[in-house]
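Below, chains carry the letters A, B, ... as their sequence lines are ordered, and counting in each starts from 1.
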There are 2 protein chains.
Amino acid sequence: MQRARPPHAIVQVTADLVILTVRDGQLQVLLIERGNEPFKGCLALPGGFLRDGEDLDTAARRELLGETGIGGTHIPHLEQLRVYSAPDRDPRGRVVTVAYLALAPNLPLPTASTDAVAAAWTSAGPLLHSPGQLAFDHDQILADTVEHSRAKLEHTTLAASFCPPEFTIGDLMHIYEAVWDQQLDLRNFYRKVSQTEGFIVPTGRKRAPDTGRPATLYRRGPAQVLHPPMLRNPRTGRVRPSQ
Amino acid sequence: MQRARPPHAIVQVTADLVILTVRDGQLQVLLIERGNEPFKGCLALPGGFLRDGEDLDTAARRELLGETGIGGTHIPHLEQLRVYSAPDRDPRGRVVTVAYLALAPNLPLPTASTDAVAAAWTSAGPLLHSPGQLAFDHDQILADTVEHSRAKLEHTTLAASFCPPEFTIGDLMHIYEAVWDQQLDLRNFYRKVSQTEGFIVPTGRKRAPDTGRPATLYRRGPAQVLHPPMLRNPRTGRVRPSQ
DNA sequence: ACAATAGTGTCTGTAAGACAGTATTCT
DNA sequence: AGAATACTGTCTTACAGACACTATTGT
């Protein structure tokens with residue numbers, strides 16, 4: 001059998017998870033400390049190999065549940081992003097990875113698993129501003145994913161996926177502020193969110209803060225897209241009203 | 001070596017191309033008639049296997065050039081979309097495919113290649129309305145890609161990638177109309193497109209139609225995103241002014 | 001003159017940016 | 001009463017939808 005054309009690459013495929021949440025007003029990402037070579041001891045995105053008979057969405061859900069315990073009952077948003085396929089991106093051989101974005105509400109710290117020494121929420125901001133801290137090409141994957149999320153908040157109702165089942169309009173605005181790293185005007189946000197049919201629906205319940213008037217609790221509405229979109233402000237900076 | 005955990009899947013990877021253009025006022029896609037099994041004789045998207053030492057973007061460009069002759073000098077827009085990984089999607093074995101979107105101006109019919117009996121532009125509309133005509137899961141890939149393109153025209157300057165280097169504002173509007181399958185008002189389109197900084201720049205030249213006033217020719221500007229976006233009209237139908 | 005395409009101007013409605021003011025709770 | 005948070009209303013500006021009108025070509 002002669003080599004008339006170059007050989008097809010034989011590869012292994014991993015699904016790597018970018019699990020984002022908002023904690024303490026910051027966008028945070030779940031990172032593990034790798035327990036095996038390569039990059040043993042380095043920070044990395046959780047992930048794992050595609051198995052026989054399984055598609056990538058299934059692999060991603062399996063890893064999400066296995067490495068973090070998330071997804072047993074109430075599966076959050078899980079979305080395939082893109083493929084990273086540089087031939088030398090993994091020293092073990094030809095491994096292409098498919099990045100997945102998972103959005104979770106503020107959850108308790110996840111448990112460590114076999115493959116990872118520890119898993120912890122880490123602020124995304126510093127990782128974006130000074131890359132080089134993550135294994136493989138995970139810096140790039142993280143940066144691409146965060147920008148994707150930011151853009152997606154503009155024209156979908158995805159922000160509610162960062163929230164627990166019941167949330168206030170203030171909670172929802174804090175999601176936008178953390179992901180966009182930008183201050184918003186709560187009063188205009190009220191108007192936008194309530195006028196958008198099907199974005200949020202009131203539950204009738206209220207939640208009292210430490211001090212101040214109790215806020216109405218909402219849950220997600222059926223709408224998936226925002227018409228018209230809620231745009232990040234590209235030109236003028238914003239000032240928080242009450243300070 | 002015992003089998004403590006399920007085996008990692010060993011896969012081959014293909015890059016499949018969704019090459020779109022606008023011809024005769026219609027959105028058209030380049031399809032090949034398959035020359036080999038499986039699906040011999042069926043219509044399919046062009047594509048091919050990832051090779052050793054090559055990343056997927058390179059493979060996609062290679063296929064684009066090889067199967068269509070496009071991309072030698074002036075490479076059009078080429079963008080990775082998503083992965084299709086159902087375990088049974090290819091009867092030859094475990095093959096996952098990465099879909100790529102390529103946008104081309106109205107070009108002469110491509111030449112047939114070794115792997116494909118023939119390649120031809122085909123109207124996308126009928127394929128979308130009555131699926132089941134394409135090999136593998138290419139119906140799904142095409143549908144996903146067209147919707148992606150439609151959405152992307154809203155907030156990027158991508159439409160200009162469907163145009164030759166010099167084009168009129170009328171040409172550009174016909175792109176939007178063909179991709180969105182929606183009529184637009186040329187006069188409002190003028191305003192939108194000229195007020196958007198960096199979308200198009202006049203060349204100084206003009207192009208005379210068969211009859212009527214010659215139109216100013218433009219080329220692409222540096223802008224990549226549209227602020228604010230140009231939205232498809234989600235509620236009201238539109239009426240073409242001059243008929 | 002007329003048809004045909006290119007391009008400008010104007011009116012109007014919708015929605016976003018800015019921000020004053022009112023409401024409801026706790027201490 | 002005062003502080004803190006929740007929420008409503010109003011003014012203004014930006015921009016899209018609709019459409020009248022002018023400009024420049026060929027026949």
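Counting atom types as modelled, A:Arg191 pairs a side-chain N or O with a base atom of C:dG17 as donor and acceptor under 3.5 Å. A:Arg187 contributes a side-chain N or O that forms a donor-acceptor pair with the base of C:dA20 under 3.5 Å.
Judged by distance alone, the side chain of B:His138 and the main-chain N or O of B:Ala44 form no donor-acceptor pair under 3.5 Å. Here the side chain of A:Trp180 pairs a donor or acceptor atom with the backbone of A:Arg150 at under 3.5 angstrom. Using a distance-only test at 3.5 Å, with no hydrogens or angles considered, no donor-acceptor pair links the side chain of A:Asp137 to the main chain of A:Gln140. Checked by atom type and distance alone, the side chain of A:Thr97 never pairs as donor or acceptor with a backbone atom of A:Tyr84 at under 3.5 Å. One N or O on the side chain of B:Thr203 and one on the backbone of B:Arg205 form a donor-acceptor pair closer than 3.5 Å.
For B:Tyr218 and B:Phe199, the gap between ring centers reaches or exceeds 6.0 Å. Taking the six-membered ring for Trp, A:His155 and B:His155 have ring centres closer than 6.0 Å.
Within the nucleic acid shown, B:Thr168 has no heavy atom closer than 4.0 Å to any nucleic acid atom.
Protein atom CG of B:Leu172 is 15 Å distant from nucleotide atom C1' of C:dG7, rounded to whole Å. Taking atom OH of residue B:Tyr190 and atom C1' of nucleotide D:dA16, one finds them 18 Å apart after rounding to whole Å. Counting to the nearest Å, the P atom of C:dA15 and the CE atom of A:Met230 are 14 Å from each other. Between the CG atom of A:Leu226 and the C1' atom of C:dA16 there is a distance of 13 Å, given to the nearest Å. At whole-Å resolution of the value, CD in B:Gln182 and C1' in D:dG17 are 12 Å apart. Put simply, CD on A:Gln195 is 14 Å from C1' on C:dG17, counting in whole angstrom units. Taking atom CG of residue B:Leu184 and atom C1' of nucleotide C:dA6, one finds them 17 Å apart after rounding to whole Å. Distance A:Leu186 CG to C:dC19 C1': 13 Å, rounded to the nearest Å.
Regarding contacts with the backbone of D:dA6, every side-chain N or O of A:Thr216 stays at 4.0 angstrom or more from both OP1 and OP2. Checking the phosphate oxygens (OP1, OP2) of D:dA16, a side-chain nitrogen or oxygen of B:Lys192 falls inside 4.0 Å.
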Can you pull every protein N or O that's under 3.5 Å from an N or O on nucleotides 25-27 of chain C?
{"unit_1": "C:dT25", "atom_1": "O2", "unit_2": "A:Gly212", "atom_2": "N", "d": "3.3"}

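Here the side chain of A:Asn188 is nearest to one of D:dC19, C:dA6, C:dG17, namely C:dG17.
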